[in-house]
Amino acid sequence: MKNTRQRGLFLTFEGPEGAGKTTQIALLEAALMERGYNVTRTREPGGDVVGERVRDLLLHAPPGAIGAEAELFLFAASRAQNVASVVRPALAADHVVLCDRFTDSTAAYQGFGRGLPQDVIASLNAFATGGLVPDRTFLLDLPPAEGLARQRADAQNRLDRETLAFHERVREGFLQAAAREPERIVMLDAARPAEEVAPLLLNGVLALLDSRRA
Ligand SMILES: Nc1ncnc2c1ncn2[C@@H]1O[C@H](COP(=O)(O)OP(=O)(O)OP(=O)(O)O)[C@@H](O)[C@H]1O
Ligand SMILES: [Mg+2]
């Protein structure tokens, strides 16, 4: 059985750079809290004090300083920490957990982007999460050039600065994941204005919360 816990709702947000994940999570968090839900917001890499230090390494190390294999392990280390110290306790407390990037990002970036083997990535993801799978994953999809153009050049991190070809492979990775797992991964057109994406997302999440209460 993949998910043995009974409570809480685990939602992850995926998609290329600048798709609007962080923007939408903030809007969703506010809308859910307004409706009385307990919400825990976290991100990967990051989540707790250890994960945030790993994040700093991953996003701000000099170009070429981290090898592809080491990069994979750093993301996995942050994930293990986030799941154990943030996500599982929040789910046990019946929170709606909103996680900015999760396992699908590793498959897309380190698998499709860097070319590391998908079977290794899948095993490492399963090990890092202890088998925890999101109840729903929202894939904010848009052409990478559009997402990158939304970002300020001085705010770009180590991964943003990869080539456009790299980001195109990453997008393809996300799209293949969505095609393979259509029940878990819901795709949203992130090229639309943020205020149009937000209600679609909120309605999807409210429907999910209702169906679980029934
Ligand atoms: N639907 C949208 N249309 C246009 N601009 C948007 C939209 N959503 C967010 N933005 C803007 O694009 C920029 C990137 O948004 P945001 O940080 O939410 O994306 P992200 O997916 O979290 O990116 P990253 O992968 O870098 O964390 C921000 O300046 C944000 O205000
Ligand atoms: Mg973000």
Side-chain angles (χ1 to χ4, degrees), residues 10-33 39-48 51-61 63 66 71-72 74-75 78-79 81-82 86-87 96-114 134 136-175 177-178 185-205:
F10 183 30
L11 307 177
T12 62
F13 298 80
E14 302 278 12
E17 317 293 333
K21 299 177 293 297
T22 305
T23 302
Q24 292 300 328
I25 287 170
L27 295 170
L28 180 62
E29 178 184 37
L32 290 174
M33 287 175 71
V39 181
T40 292
R41 179 173 163 184
T42 186
R43 65 178 182 179
E44 290 195 2
D48 74 345
E52 291 295 328
R53 289 183 71 171
V54 175
R55 179 184 182 92
D56 187 49
L57 251 176
L58 280 166
L59 299 189
H60 304 298
I66 304 176
E71 183 184 80
L72 173 64
L74 287 170
F75 277 109
S78 170
R79 178 155 309 130
Q81 194 68 23
N82 184 39
V86 181
V87 179
V96 179
V97 178
L98 310 179
C99 187
D100 197 333
R101 294 193 181 280
F102 197 59
T103 45
D104 298 300
S105 275
T106 307
Y109 282 77
Q110 281 63 53
F112 283 76
R114 301 264 188 247
R136 202 66 102 234
T137 296
F138 294 95
L139 172 57
L140 298 174
D141 178 60
L142 89 169
E146 276 184 51
L148 292 168
R150 287 176 180 176
Q151 296 179 322
R152 285 179 25 203
D154 62 351
Q156 286 204 326
N157 64 48
R158 190 178 61 90
L159 290 163
D160 297 330
R161 290 190 210 97
E162 289 290 338
T163 62
L164 191 57
F166 174 91
H167 291 291
E168 295 284 3
R169 291 198 299 279
V170 168
R171 183 194 193 190
E172 180 57 27
F174 282 129
L175 294 176
I185 304 178
V186 174
M187 225 167 61
L188 294 168
D189 179 5
R192 299 171 64 169
E195 55 277 18
E196 286 182 24
V197 178
L200 295 174
L201 187 54
L202 177 61
N203 289 338
V205 172

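We count ligands from 1, going down the list as the structure has it; atoms in each ligand are counted the same way.
Under 4.0 Å is where a charged nitrogen must lie from a carboxylate oxygen, and between R158 and E71 at least one such pair does. At a threshold of 4.0 Å, the pair E17-R101 counts as salt-bridged, since one of the basic side-chain nitrogens sits closer than that to a carboxylate oxygen.
Between the side chains of E14 and S105, a donor-acceptor pair is found at a separation under 3.5 Å.
The ring of Y109 has its center no closer than 6.0 angstrom to the ring center of F75.
Near ligand 1, heavy-atom contacts under 4.0 Å come from P16, E17, G18, A19, G20, K21, T22, T23, R101, R150, Q151, A190, R192, P193, A194.
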Assess the residue pair M187 and L175 against the criterion (side chain to side chain contact (heavy atoms under 4.5 Å, CB included)); give the C-alpha distance rounded to whole Å, side-chain angles, the decisive distance to 0.1 Å, and a yes or no. CA-CA 9 Å; M187 225 167 61; L175 294 176; 3.5 Å; yes
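No donor-acceptor pair under 3.5 Å is formed between the side chain of H167 and the backbone N or O of G113.
A pairwise comparison of heavy atoms in A191 and L142 identifies N-CB, 4.0 Å as the closest pair. Smallest separation of non-hydrogen atoms from L74 and V54: O-CG1, 3.4 Å.
Sorted by chain and number, the protein atoms of type N, O or S within less than 2.8 Å of the Mg ion (ligand 2) are T22 OG1.
The residue from D100, T137, D104 that alone fulfils the side-chain hydrogen bond (donor to acceptor under 3.5 Å, both in side chains) condition with T12 is T137.
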